[in-house]
Amino acid sequence: MTFPLLSLIVFLPAVGAAVLMCLRNDDAVRWTALGFTVVDLALTIAMLAAFDTTTHEMQFTERRPWVPAIGITYALGVDGISALFVFLTALLGWISVLASWVAIDRKVKEFMVALLLMQALMLGVFSAMDLFLFYVCWEAMLIPMYLIIGVWGGDGRVYAAFKFFLYTLAGSLLFLIGVIVLYFHGGETFDILALTAQDLPFDVQSWLFFAFLIAFAVKVPMVPVHTWLPDAHVQAPTAGSIILAGVLLKMGAYGFLRFSLPMLPEASVYYSTLMLALSALAIVYGGLLALAQDDLKKLVAYSSISHMGFVTMGIFALNLRGLEGGILQMFNHGVTTGALFLFVGVIYERTHTRSIADYGGLMKVAPVYTGFLALFTLSSMALPGTNSFVGELLVLSGGFGANMAVGTAAVVGALLSAAYLLGMYRKVALGPASVGARYQIRDVNAREMAAILPLAIFVLWVGLYPKPFLNVIDASVKHLLIEVDGKGSGQ
């Protein structure tokens with residue numbers, strides 16, 4: 001029997017949550033939560049170190065009967081696609097704890113318990129090899145995130161939490177119906193690998209494609225089911241925004257990669273033009289909305305809609321460059337946008353305002369803060385040498401290869417990204433001093449620097465030497481394309 005590394009990675013945060021319930025001192029709660037998340041990150045690094053990049057097969061697999069009467073198993077495993085996001089989840093987990101160190105000053109224990117349970121469920125989503133187990137983790141995530149927004153959010157937290165819950169629940173119900181249909185048409189099994197091997201009729205594939213599309217589109221989110229995102233981000237505490245942008249938005253795109261493309265290849269090919277058009281709409285529309293924002297957090301939130309449009313464009317370009325670029329951009333977006341939300345939280349703790357008009361001259365009073373903000377701003381606009389440049393270049397190459405009009409729309413979105421990001425930075429860091437005159441602004445401290453530095457390292461590492469990250473996903477992406485091309489050519 002192999003060592004259950006994935007089970008340890010998935011359940012360690014849940015064990016940490018149970019330990020926190022026994023503690024009474026807030027400082028002990030914070031340090032204990034940090035300890036569990038750091039150990040979890042160390043385990044994911046060990047997993048990546050032992051990962052075989054030459055095969056597309058699932059690795060570190062575990063399989064045990066769960067509800068054998070209906071074919072449900074406790075099955076875990078990772079391939080090149082999911083391994084990257086298991087690592088990203090663990091990376092942002094301990095950063096979220098650091099981001100909440102001071103910002104969360106009431107019901108600290110309950111907040112950290114919700115955060116750790118959230119991490120365990122997200123890790124379960126990326127590790128599940130059983131469709132029922134996937135759905136349980138996918139659905140259960142709603143509860144801790146609903147609490148994080150609804151209890152520790154801003155003044156409009158209740159409305160934002162309900163909106164988030166209702167949108168995602170509606171999508172999840174359609175996903176559940178799709179799971180049941182897939183179970184009966186796929187040989188009455190929930191085994192994801194076995195379901196992938198099935199050759200479903202095109203009409204069944206089409207129905208399932210749209211059922212899954214709504215569920216995954218809400219999570220991404222794609223236009224027009226995106227309206228929950230700005231409210232959730234603006235009202236969520238900093239850690240909630242980091243998790244939302246860094247991990248939760250990736251789950252919709254991961255669903256396309258894990259279910260729509262391999263299980264519904266004919267439908268995916270047939271409806272790829274529609275998906276490319278929706279992606280182009282999200283890129284341009286999200287960019288225009290971001291350009292109109294004065295609230296710093298809303299600007300970053302709307303930019304996520306645009307940037308995730310690049311991800312779905314890469315996925316449904318259905319070529320090697322597009323798919324690898326889309327997956328790499330999922331990781332890049334988690335790092336960069338997670339960092340931008342961290343920076344919004346850092347300055348909000350000092351000023352208690354998010355209005356860009358209230359800022360100005362921060363470079364004079366907080367040079368380290370504005371220096372790192374420049375790095376992540378340039379990363380978000382995909383400057384050469386940063387992580388997002390590599391991902392967007394691959395996506396644009398794949399997008400133009402699939403559809404010239406869609407590729408052109410993506411270029412327009414990239415120009416909009418430069419406009420709103422550079423405009424934001426000019427006002428916040430270089431504009432006339434306004435905040436400094438009314439607030440005692442201090443630069444980043446050691447705790448904040450500990451959260452910022454790892455993200456900055458990945459911005460430069462992926463930007464300057466992306467080969468190790470592309471190596472992780474390469475074999476799995478090539479196998480996925482073979483499956484789509486082989487079975488999708490039947491339509």
Side-chain angles (χ1 to χ4, degrees), residues 10 13-14 16-18 20-21 29 33 37 89 92-93 95-97 99-100 103-126 128 133-176 214-222 225-252 254-255 297-298 300-301 304-305 308 334 337-338 341 344-345:
V10 170
L20 294 185
M21 294 297 292
V29 166
T37 51
T89 304
L92 295 179
I95 290 174
S96 297
V97 173
S100 310
I104 303 299
D105 56 5
R106 61 184 180 87
K107 297 183 179 179
V108 175
K109 177 169 68 176
E110 289 82 357
F111 177 85
M112 293 298 179
V113 167
L115 197 61
L116 290 183
L117 288 176
M118 186 77 189
Q119 180 167 333
L121 292 167
M122 293 187 300
L123 291 166
V125 164
F126 291 124
L133 176 62
F134 177 94
Y135 181 78
V136 168
C137 294
W138 171 280
E139 192 71 3
M141 286 187 310
L142 295 180
I143 300 171
M145 182 51 74
Y146 172 81
L147 293 174
I148 288 172
I149 298 172
V151 176
W152 292 277
D155 293 337
R157 60 185 179 274
V158 175
Y159 169 78
F162 268 106
K163 193 172 183 179
F164 160 77
F165 191 86
L166 291 175
Y167 266 73
T168 50
L169 180 64
S172 295
L173 289 175
L174 274 173
F175 184 48
L176 175 60
I214 295 173
F216 300 151
V218 170
K219 276 283 201 298
V220 168
M222 301 179 72
V225 289
H226 66 285
T227 58
W228 65 268
L229 181 69
D231 292 310
H233 269 312
V234 168
Q235 299 302 326
T238 300
S241 293
I242 292 172
I243 293 298
L244 264 176
V247 185
L248 253 70
L249 304 191
K250 311 302 172 291
M251 291 183 177
Y254 179 75
K297 209 172 188 184
K298 275 190 176 181
V300 180
S304 291
I305 296 171
M308 288 303 294
T337 307
F341 277 117
V344 174

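Nothing fancy with the numbering, it's 1 onward along the sequence. Quick caveat, the model's predicted, so the values are computed rather than measured.
The two atoms that bring L115 and A239 nearest to each other are CD1-CB, 4.4 Å, heavy atoms only. Of all heavy-atom pairs spanning H226 and P230, the tightest one is O-CD, 3.5 Å. Between T227 and K163, the closest heavy-atom pair is O-NZ, 3.4 Å. The two residues I149 and A160 have their closest heavy-atom pair at CG2-CB, 4.2 Å.
Among pairs with a residue in residues 103-115, none fulfils side chain to side chain donor-acceptor pair (under 3.5 Å), at least two apart in sequence or across chains.
The line from NE2 of H233 to CG of L229 is 4.0 Å long, rounded to the nearest 0.5 Å.
If you check the side chains of S172 and Y135, you find no donor sitting under 3.5 Å from an acceptor. Looking at K297 and S241, their side chains do bring a donor and an acceptor atom within 3.5 Å of each other.
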From CA spacing to verdict: side-chain contact (heavy atoms from CB on, under 4.5 Å), L249, K219: CA-CA 5 Å; L249 304 191; K219 276 283 201 298; over 6 Å; no
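Side-chain contact between V151 and Y146 is absent, with no heavy-atom pair separated by less than 4.5 Å. Residues V125 and K250 are not in side-chain contact: their nearest non-hydrogen atoms beyond the backbone lie 4.5 Å or more apart. Residues P13 and L117 form no side-chain contact, since every pair of their non-hydrogen atoms from C-beta on lies 4.5 Å or further apart. Considering only heavy atoms from C-beta on, M118 stays 4.5 Å or farther from V247 through its side chain. Contact of the T238 side chain with the I242 side chain is registered, since non-hydrogen atoms from C-beta on lie closer than 4.5 Å. For the pair F341/L244, no side-chain contact is recorded, criterion being any heavy-atom separation below 4.5 Å from C-beta on. Looking at heavy atoms from C-beta onward, R157 lies out of side-chain contact with W152 at the 4.5 angstrom threshold. The side-chain heavy atoms of L20 and L116, taken from C-beta on, include a pair separated by under 4.5 Å.
Listed by chain and residue number, W138, F175, F212, F256 satisfy the ring pair (Phe, Tyr, Trp, His ring centres under 6.0 Å) test with F216 (two or more places apart in sequence, or in another chain).
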